[in-house]
Number of protein chains: 2
Amino acid sequence: MSKQPHPFAPEPSVRLSPVSYLVMGLIGLRGPSTPYQLKRAAGRSVNYFWPFPHSQLYGEPERLTAAGLLEEEREEGGRHRKVYTLTKAGRAALDSWLISPPGEVFEMRDMAVLQLFFSEFMSREALVALAGDQVRLYRERIAVLEAIALHYSERQGRRRMAPLDLGLRMARTCLDFWQEVADDPPEA
Amino acid sequence: MSKQPHPFAPEPSVRLSPVSYLVMGLIGLRGPSTPYQLKRAAGRSVNYFWPFPHSQLYGEPERLTAAGLLEEEREEGGRHRKVYTLTKAGRAALDSWLISPPGEVFEMRDMAVLQLFFSEFMSREALVALAGDQVRLYRERIAVLEAIALHYSERQGRRRMAPLDLGLRMARTCLDFWQEVADDPPEA
DNA sequence: TTGACATAGTCCGTTTCGTACCGTACTATA
DNA sequence: TATAGTACGGTACGAAACGGACTATGTCAA
């Protein structure tokens, strides 16, 4: 078996990360967009199940442009904004990613749960306080998510709303959990 | 207000990351441990709500030792294993972290949900396939978590088991969600 | 005309990731 | 008692991601 890349291989294979697809996907949904627009759009949606620093929304589209997956257009005027559009190749990459297996189950990171895990070294009161804080935070988050859901539910298709729904369910699961901890703190 | 650090400030303040506390906490729970033991212990517990590459379990304890929070002891023999123990200072750092607010609510990252969000560009069949895969994966994970829970439930205190319980609930929430998607795939 | 504020984008040092790789010990088999 | 296979234990290092401070631009209003 030859290990040489095929001489007519389609793409010089830039490494496409989840954020790459996220960017292409967002542009696919919204049409031509500037990084800042992407940032705002992500903040209300995709950031809830794929967080990342906004600075990536400036670098990543450049890489994708270099790879021929996006097209860049400079805007006139003082603001040197750049508008990115999905190319044929970009759309194709997106489509083929979409039908590829996503792999592992979700990852979560939660400081509060970390503390709970080590809570043997914590007084009962401290534990209750921790749980109480979490209950408050989850109530807030749930309110935010519900507001978003309400605001977008007519405008958006059911598919795009589904992740939000999952986010809500997750948050409610956590809320219930911490509520129980607060009400009946487990002994060490 | 002076911005100078207090001349007798207790620690030269190494930056303590979540993984730092995780390491100290694990050593606190298990007693003196080698990085490899930590790795194995983490794999069955704390990795479910705070994933990280195992290579950090070799570097991090060194940093913490330099900061006086751990103590390092070389083992005899061919294997140059190092056993780490919590110092007084380490225990104090751990305790004070435990009673400090954990901050933001949990973060999750999920490729499958990302794909779902962009599933407008996906056929109904592809969506059903995706959901079916997820259902399978979550069933597996739930089985694993249940096995762990069963295996450790007598040996461990209720507090240490609680995060596992949350993990299970989360997984069940996801399972239900994807099950519904599979059974009744939303239209775009 | 200035100054307060929201908008938009950049930069860059630090952490974290991820994984390929390298020794060491143990076991089974002949 | 060679040897080969495999699990164990650890290291190294380039590539990404992070994240926050900083710059600059537009806008409205006093």
Side-chain angles (χ1 to χ4, degrees), chain A residues 3 12-23 26 30 32-44 46-47 49-67 70 72-84 103-104 107-109 111 114, chain B residues 3 12-23 26 30 32-44 46-47 49-67 70 72-84 103-104 107-109 111 114:
Chain A
K3 293 231 180 151
S13 82
V14 257
R15 258 220 147 355
L16 294 185
S17 67
V19 174
S20 313
Y21 293 112
L22 193 152
V23 166
L26 236 29
R30 302 180 24 92
S33 313
T34 70
Y36 190 69
Q37 292 175 313
L38 294 178
K39 173 188 163 182
R40 314 207 70 216
R44 282 172 271 111
V46 90
N47 268 155
F49 45 89
W50 203 281
F52 59 89
H54 66 104
S55 53
Q56 279 183 248
L57 291 180
Y58 294 89
E60 192 59 29
E62 247 163 62
R63 286 186 59 243
L64 295 174
T65 302
L70 294 182
E72 180 183 309
E73 205 177 338
R74 310 184 106 76
E75 249 188 9
E76 313 300 309
R79 291 280 164 113
H80 29 309
R81 258 185 296 223
K82 294 173 183 171
V83 183
Y84 292 95
E104 264 325 292
E107 258 175 36
M108 74 182 247
R109 284 201 149 124
M111 280 276 238
L114 207 51
Chain B
K3 292 229 181 156
S13 83
V14 258
R15 231 173 186 26
L16 294 185
S17 67
V19 174
S20 313
Y21 293 111
L22 193 152
V23 166
L26 235 28
R30 301 180 25 92
S33 314
T34 71
Y36 191 69
Q37 291 175 313
L38 294 179
K39 172 188 162 181
R40 314 207 69 217
R44 280 173 273 112
V46 89
N47 268 156
F49 44 90
W50 202 281
F52 59 90
H54 71 251
S55 52
Q56 280 184 243
L57 290 180
Y58 295 87
E60 193 59 31
E62 247 163 62
R63 288 185 58 244
L64 295 174
T65 302
L70 294 182
E72 179 183 310
E73 205 177 339
R74 310 184 107 76
E75 248 189 9
E76 313 299 309
R79 291 281 163 113
H80 28 309
R81 256 184 298 222
K82 293 172 184 173
V83 184
Y84 291 96
E104 262 326 291
E107 258 174 35
M108 75 181 247
R109 285 202 150 122
M111 280 276 237
L114 208 51

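It should be emphasised that the depicted structure is a prediction, and the values quoted were computed from it without experimental measurement. The basis for the numbers below is simple: all heavy atoms, side chains too, and nothing from hydrogens, waters or symmetry mates. In what follows, chains carry the letters A, B, and so on, assigned in the order in which the sequence lines appear, proteins first and then strands, with residues in each chain numbered from 1.
The CD-P distance, from A/E62 to C/dT10, rounds to 7 Å in whole Å. Spacing between atom CZ of B/R15 and atom C1' of D/dG19 amounts to 11 Å, rounded to whole angstrom units. Summarising the geometry, the separation between OH on A/Y36 and P on C/dT7 is reported as 5 Å, rounded to the nearest angstrom. Note: CG (B/L57) to C1' (D/dG10) measures 11 Å, nearest angstrom. One atom, CD of A/Q56, and another, P of D/dA15, lie 17 Å apart when rounded to the nearest Å. We find that CZ of A/R40 is positioned 14 Å from C1' of C/dG9, with the value rounded to whole Å. One interatomic measurement links the two molecules: NZ of B/K39 to C1' of D/dA7, which rounds to 11 Å at whole-angstrom precision. Between A/F52 atom CZ and D/dC18 atom P there is a gap of 9 Å when expressed in whole angstrom units.
Within a 6.0 Å sphere centred on CD of B/E73, heavy atoms belonging to other residues, nucleotides or ligands number 12 at most.
No side-chain heavy atom of B/E72 sits less than 4.5 Å from a side-chain heavy atom of B/P61. Looking at heavy atoms from C-beta onward, A/N47 lies out of side-chain contact with A/W50 at the 4.5 angstrom threshold.
Which of C/dG9, D/dG10, C/dT16 sits closest to the side chain of B/S17 comes down to C/dT16. You'll find that the side chain of B/P53 is closest to C/dC17, out of D/dT11, C/dC17, C/dA8. Minimum atom distance to the side chain of B/T34 is reached by D/dG10, of the listed D/dC18, C/dC17, D/dG10.
For B/Y58, no side-chain nitrogen or oxygen approaches OP1 or OP2 of D/dT11 to under 4.0 Å.
Of the two residues near DNA chain D, B/S55 and A/H54, the one whose nearest nucleotide lies more 5' is B/S55.
Looking only at distances, no side-chain donor or acceptor of A/R81 sits under 3.5 Å from a matching main-chain atom of A/Y36.
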